[in-house]
Amino acid sequence: MRFKLSRYVLISDPLDEKDDIRTERIVYSTRTGKGIKISNYAISLISNQEFLEIPDRLFTILMYHEIIVPEDEDELRMVVNRKLLTARDTPSMQSSFFFPRDHFANPLKNDDAVQLEKSIRKSVVKRRPNGSYYILIAVEIADLKHGLEHFNTIWRFVNNLDLGPDTLISYRLIHTASVINDLLFCLPLANPKFDSLALHFSDHDADNQNNFADYLNTLLLTASKLCYFQQLQVSCYFSLKKLDRSVLAETGNLMKELAGLRNVSIFIDLPIRHNESAAEHHARELTVLKMLQQSGIKALFLPAPDEKFKPQKSSPDDLFNSSVSREGKDLLSAFCKSDKGTTRSLYSDNFAASVQKPLSVCGQCVYLPICGGMELKTNTDDCPPFTRNFMKKVEYMYDFSIDNLSK
Amino acid sequence: MSNQPPVQSKFKWNKSSLIDSDLYIRIYLAALNAKMSVEDKHALFMVSKFFTDGAAETGRGNFNIAAYYFETGENYYNRIPVEKDVLRRMISNVYHRSKSFYHYRLDDLKTAIKLIEETMQNSKELERQGFEFLVYDRAQQYYNLARICFARGDAERGLQTLGSSISFLLQGSTSRLIDLNDHCLTTLTPDIRYMRFAMLCQMLFESLEYLTKNNSRDNFIAKSQVFVSEILPAATNMKIFSPAEEGLKKWLLLLKPFYAGKYKTFSINATAAIKSLPKFFGDRPEKVMAAYLQYALPAVNS
């Protein structure tokens, strides 16, 4: 059996200045989202296809990370097939229902209710053969007081549908406005009706009435209470245009503390500023990464490698028909430019076919497995921001990884 | 309660749970190194990966992608020349067990059993060709068979099977699963002894924990009686090579009065001894013993 180096592999810059044969680099596979720190020498063995020289242990790691793959494997096909089949398999992805903010009247109109009931019933999916049923209800709210009322209306509505005793209903509350001063008092934490909480903050949002430090302070007061409720998962998506040295001086400790809580994770996006060139943006992002790294803040910059979706705009009508991703408006949308009002559809046969056409931009892209791709793409201008400085982000995350495989 | 909360996958991005310096892998690799070329080893790793991936996806209930992995792996397997008998058998070893899990999960128990039987036949042949330690692998296959018995509603047979394969691990032979007695293992290296012990504890305590969690007192006593019927006599014959093994032996012997209906004696002995036993297998033995003491309590008090 013959092998090859996967085309979905990226290699970091040398991790020390000597850059001799012992110097290490991170070799990272976008197919698996896994990386390993190995020496220049080991890398040269892989690139020269001298697989017989690679020790067993390293070989198996490289193989499990899918850095080495069978020589005759059509990798694009493998990646696409896996996404197609996993999308078909994974019920939580087909069984999510997303309520965008301000989309439904509160209380629900009768027509809406009828339509909703139909769609939700359709979205409930069997988890296992002979097993339970599952649906995730994701509700986006802005203003917390009214939002929670809205959430409760939906909660009662869904619970009254009587989806059967074997149906596990999971709720996710998504808070997208930047005002959270009332959060501390409003969130029913002791007995929350939701299982996960997603908070979006952007410092360039027109709604924004807080600065980032105030937001973090309030959040932290809430969040430190949150850690008593370990079953509640909290994801914070920060879209920060203004983040620089002075903002970090003010907020660094707060972010560090927040990121250190067990049930909280932080995702950061650094959007391009007005009048900023691409090169300037790259450079700024690198500087910020370095600062965050030095401050010891654990944040995520890359989407989870098991994302099976492609971002796609959809009309409000689709909300009834297409089920939406398991996370509602989650990770990927936080990393995609068009993050407002987007939903994501499943990896479809049509999309799979379009990606596999010879001229498809995404079909040739090394980030496809992690990004999912986009339909009818002709250039890389609107690629998700996580692809910028990609290996630097990998290095950053590697610094915080729990176990280091190269040891 | 969402399926894969982002927080849990936080910083797991570079972890691979399948690879660590696990003892089994070390023993396995040592045997491979002695019997196989590097080229064949690599082929074994790669083709097996498709099957273990298939099993992992099966575990998550993703049957479409699991089937795809199995099919891909089968294609590679079929292209390996028949002359490479050991390589083919080593791959089959992984294949049959993984695929049997797949059929088990899809409720096709007949095929699942057939594949487990094939795994054991195949194991036996490999044991003769220098992979003697695979006999423990075979013992573990009975664990899978027991699960199938449970799935079929035949709990008694499942518990018996489990008990017999555990008693084989305890004393090196069993009166029920005599097929296991047919093996080529003559000398036990410390590594192999340690592996056997780890496996033994895993199977024993997993079963007991399961029994204590899901049963009323009467139910527990009736069911666990079947389970330990071969284990307790085997514990008496168990040969001791390490303090941990001594701990396990003493722990098992503490249960004897319990099953003889002498709950008071059991309570007194177990309460006195449990803290001073040589440590083994973390805090799980102590927890299971605490559950036993709870079960004994009504009889002690009356």
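Each chain gets a letter, A, B and so on, in the order the sequences are listed, and its residues count up from 1. Note that these values count all heavy atoms, side chains included, but never hydrogens, waters or copies made by symmetry.
With values rounded to the nearest 0.5 angstrom, Asn62(B) atom CG is found 10.0 Å from Leu85(A) atom CG. Distance check: Met1(A) CE to Tyr77(B) OH gives 13.5 Å after rounding to the nearest 0.5 Å. Note that the CD atom of Glu39(B) and the CG atom of Leu52(A) stand 5.5 Å from one another [nearest 0.5 Å]. Taking CZ of Phe3(A) as the reference point, atom NE2 of His42(B) lies at 7.0 Å (rounded to 0.5 Å).
Looking only at side-chain heavy atoms (C-beta outward), Asp56(A) and Asn33(B) come within less than 4.5 Å of each other. Between Ile68(A) and Phe45(B) the shortest side-chain heavy-atom distance does not fall below 4.5 Å.
Counting only N and O atoms by type, the side chains of Asp53(B) and Tyr64(A) include no donor and acceptor under 3.5 Å apart.
When all heavy atoms of Met63(A) and Lys49(B) are compared, the pair lying nearest together is O-CE, 3.3 Å.
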Starting from the C-alpha separation in whole Å, work towards a yes-or-no answer on side-chain contact (heavy atoms from CB on, under 4.5 Å) for Leu84(A) and Tyr68(B). CA-CA 11 Å; Leu84(A) 268 174; Tyr68(B) 179 65; over 6 Å; no

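Looking only at heavy-atom pairs under 4.5 Å with chain A, the residue among Leu29(B), Ile80(B), Asn64(B) that has the most is Asn64(B).
For chain B, no part of Glu53(A) is nearby; none of its heavy atoms comes within less than 4.5 Å. Residue Asp40(B): no heavy atom, backbone or side chain, is found under 4.5 Å from chain A.
Counted within 6.0 Å of OH on Tyr194(B), heavy atoms from surrounding residues, nucleotides or ligands total 12 or fewer; the atom is thus considered open.
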